[in-house]
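Below is the structure I would like to discuss, written out as structure tokens.
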Amino acid sequence: MGEEVKAVKLFGVWSSPYSHRIQLALKMKDIPFEYVEEDLSNKSFMLLNHNPVHKMIPVLVHNEKPIVESLIILEYIDEIWKDRPLLPQDPYERAQARFWARFIDDKLLPSVWRYFLSKDNEERMKTKEEAIMLLRILESQLNMKKFFGGDILGYVDIVANVVAFWIERVQEVVGIELLNKEKFPILYRWIEKYYDDSITKGCLPRKDKHMVYIKARYEVALVKQGQLCKSS
Ligand SMILES: N[C@@H](CCC(=O)N[C@@H](CS)C(=O)NCC(=O)O)C(=O)O
């Protein structure tokens with residue numbers, strides 16, 4: 001194994017959209033890395049040691065120093081490896097990109113999970129309304145652009161991977177709809193472009209295997225009213 005590969009290690013889980021963000025960024029920048037698959041039902045000593053606060057993947061280890069939380073890891077990668085920037089160069093645009101990434105993680109995703117995990121029709125209708133409103137806000141950011149990052153995939157596109165491939169797969173498993181081409185034509189145009197990209201496509205979890213996984217996680221999450229990405 002080359003020195004370069006040893007210097008960058010990613011602890012992840014094949015099915016996780018958060019791991020996928022980091023794999024995608026590393027591949028977009030052509031950074032060689034070693035990938036370590038974690039078992040979240042039996043977390044390794046290394047993972048707990050590297051991320052004692054959250055005990056979660058992804059963890060990036062660079063020159064033996066751990067960096068955690070996917071949004072922070074993406075920014076770190078962008079600062080260390082300057083080629084093929086992910087964040088905009090302009091400070092205002094960069095602040096905007098950070099805002100939308102936080103919007104996706106802090107507002108949109110919790111709302112989407114609330115909808116998928118809703119227990120009855122009343123709750124489902126209320127949570128759907130909110131999730132659709134937030135998806136519309138995100139869609140409006142695409143405006144006439146190809147990607148959130150402009151002409152090429154950038155930081156917000158990477159963070160929005162959950163919208164590009166996860167929501168669609170989850171809704172297929174759960175059997176209740178949120179996203180469709182008619183309601184979100186601009187977002188769908190973006191999803192198609194996202195899938196068209198050879199690097200993105202190359203690191204998406206295989207659909208058949210992923211669907212089985214999502215189904216199992218969903219059943220557990222429903223009973224425990226947990227999150228789809230939680231280990232318990
Ligand atoms: N905010 C974290 C979320 C990462 C996350 O949710 N990771 C999940 C897997 S998809 C995890 O490690 N879960 C383990 C657990 O909850 O015990 C990030 O952006 O990195």
Side-chain angles (χ1 to χ4, degrees), residues 8-28 33 35-62 65-80 86-87 97-117 134 138 148 154-170 173-174 203-207 209-232:
V8 185
K9 219 183 232 190
L10 170 64
F11 290 78
V13 166
W14 68 273
S15 56
S16 162
Y18 300 98
S19 285
H20 175 259
R21 288 176 179 173
I22 312 306
Q23 281 176 310
L24 186 53
L26 292 169
K27 288 192 176 162
M28 280 165 75
F33 64 99
Y35 176 74
V36 182
E37 176 74 14
E38 269 295 323
D39 173 0
L40 292 182
S41 61
N42 181 22
K43 294 173 185 166
S44 72
F45 169 77
M46 290 300 265
L47 175 65
L48 299 174
N49 198 33
H50 287 323
N51 191 358
V53 175
H54 298 301
K55 305 178 176 64
M56 283 183 168
I57 58 91
V59 175
L60 185 82
V61 180
H62 181 216
K65 288 186 293 216
I67 306 107
V68 304
E69 285 296 304
S70 62
L71 300 188
I72 296 171
I73 301 173
L74 289 175
E75 291 217 26
Y76 178 85
I77 291 173
D78 214 26
E79 274 185 51
I80 298 286
L86 305 175
L87 276 148
R98 288 181 176 130
F99 173 86
W100 288 110
R102 293 278 299 274
F103 168 85
I104 292 168
D105 275 11
D106 298 348
K107 274 193 95 70
L108 178 65
L109 296 185
S111 164
V112 167
W113 304 150
R114 272 197 296 276
Y115 167 61
F116 284 133
L117 296 175
L134 296 171
L138 182 70
F148 291 101
Y155 178 68
V156 178
D157 297 278
I158 296 176
V159 177
N161 68 347
V162 191
V163 178
F165 77 95
W166 236 73
I167 293 184
E168 269 222 316
R169 291 180 180 185
V170 176
V173 166
V174 176
C203 51
L204 282 177
R206 227 184 60 202
K207 190 171 175 187
K209 189 175 161 206
H210 200 203
M211 299 289 275
V212 174
Y213 174 86
I214 293 173
K215 189 168 188 312
R217 298 283 343 133
Y218 177 68
E219 279 159 10
V220 174
L222 251 192
V223 175
K224 299 194 171 168
Q225 279 299 297
Q227 288 172 16
L228 289 171
C229 242
K230 276 284 214 190
S231 54
S232 56

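Counting convention: from 1, in listed order, for ligands and their atoms alike. These numbers come from the heavy atoms of this one structure, side chains and all, not from hydrogens, waters or symmetry mates.
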Numbered atoms of ligand 1 (with element) below 4.0 Å of Pro58, judged on heavy atoms: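 Reading through ligand 1 atom by atom, the close ones are 20 (O).
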Quick check on the 6.0 Å ring-centre criterion: do Tyr213 and Trp14 meet it?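 Ring centres of Trp14 and Tyr213 closer than 6.0 Å.
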Does any N or O atom in Glu69 lie less than 3.5 angstrom from one in ligand 1, N or O only?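 Min N/O separation from ligand 1 is below 3.5 Å for Glu69.
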Numbered atoms of ligand 1 (with element) below 4.0 Å of Ser16, judged on heavy atoms: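 Every atom of ligand 1 under 4.0 Å from some heavy atom of Ser16: 10 (S).
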Taking the non-hydrogen atoms of Lys43, is any one of them nearer than 4.0 angstrom to ligand 1?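 Yes, that is the case, since the closest heavy atom of the residue is under 4.0 Å from the ligand.
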Any pair with a residue in residues 45-58 that passes salt bridge (Lys or Arg N to Asp or Glu O under 4.0 Å), sequence neighbours left out, goes on the list, sorted by first then second residue, please.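 Listed once each, the pairs would be none.
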Which of these, Glu38, Met56, Arg21, has its nearest heavy atom closest to atom 5 (C) of ligand 1?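 The option holding the nearest heavy atom is Met56.
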Taking the non-hydrogen atoms of Val13, is any one of them nearer than 4.0 angstrom to ligand 1?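 It does not; every heavy atom stays at 4.0 Å or beyond.
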Examine Ile57 against ligand 1 and note whether any of their N/O atoms are separated by less than 3.5 Å.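 For ligand 1, there is an N or O atom that lies under 3.5 Å from one belonging to Ile57.
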Atom pairs and distances, donor-acceptor, side-chain atoms in residues 65-73, under 3.5 Å, two or more places apart:
unit_1	atom_1	unit_2	atom_2	d
Ser70	OG	Arg21	NH1	2.9

Ligand 1 N/O within reach of Ser70 N/O, cut-off under 3.5 Å: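 N/O-N/O distance under 3.5 Å: yes.
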Answer yes or no: is there a donor N or O on one side and an acceptor on the other, between the side chain of Asn51 and the main chain of Leu48, under 3.5 Å?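 Not confirmed, Asn51 side chain does not pair with Leu48 backbone.
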So which atom in Leu10 and which in Ser19 form the shortest heavy-atom distance, rounded to 0.1 Å?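 It is CD2-O, 4.2 Å.
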Which heavy-atom pair separates Cys203 from His20 by the least distance, and what is that distance?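 In this case the closest contact between Cys203 and His20 is O-CD2, 2.9 Å.
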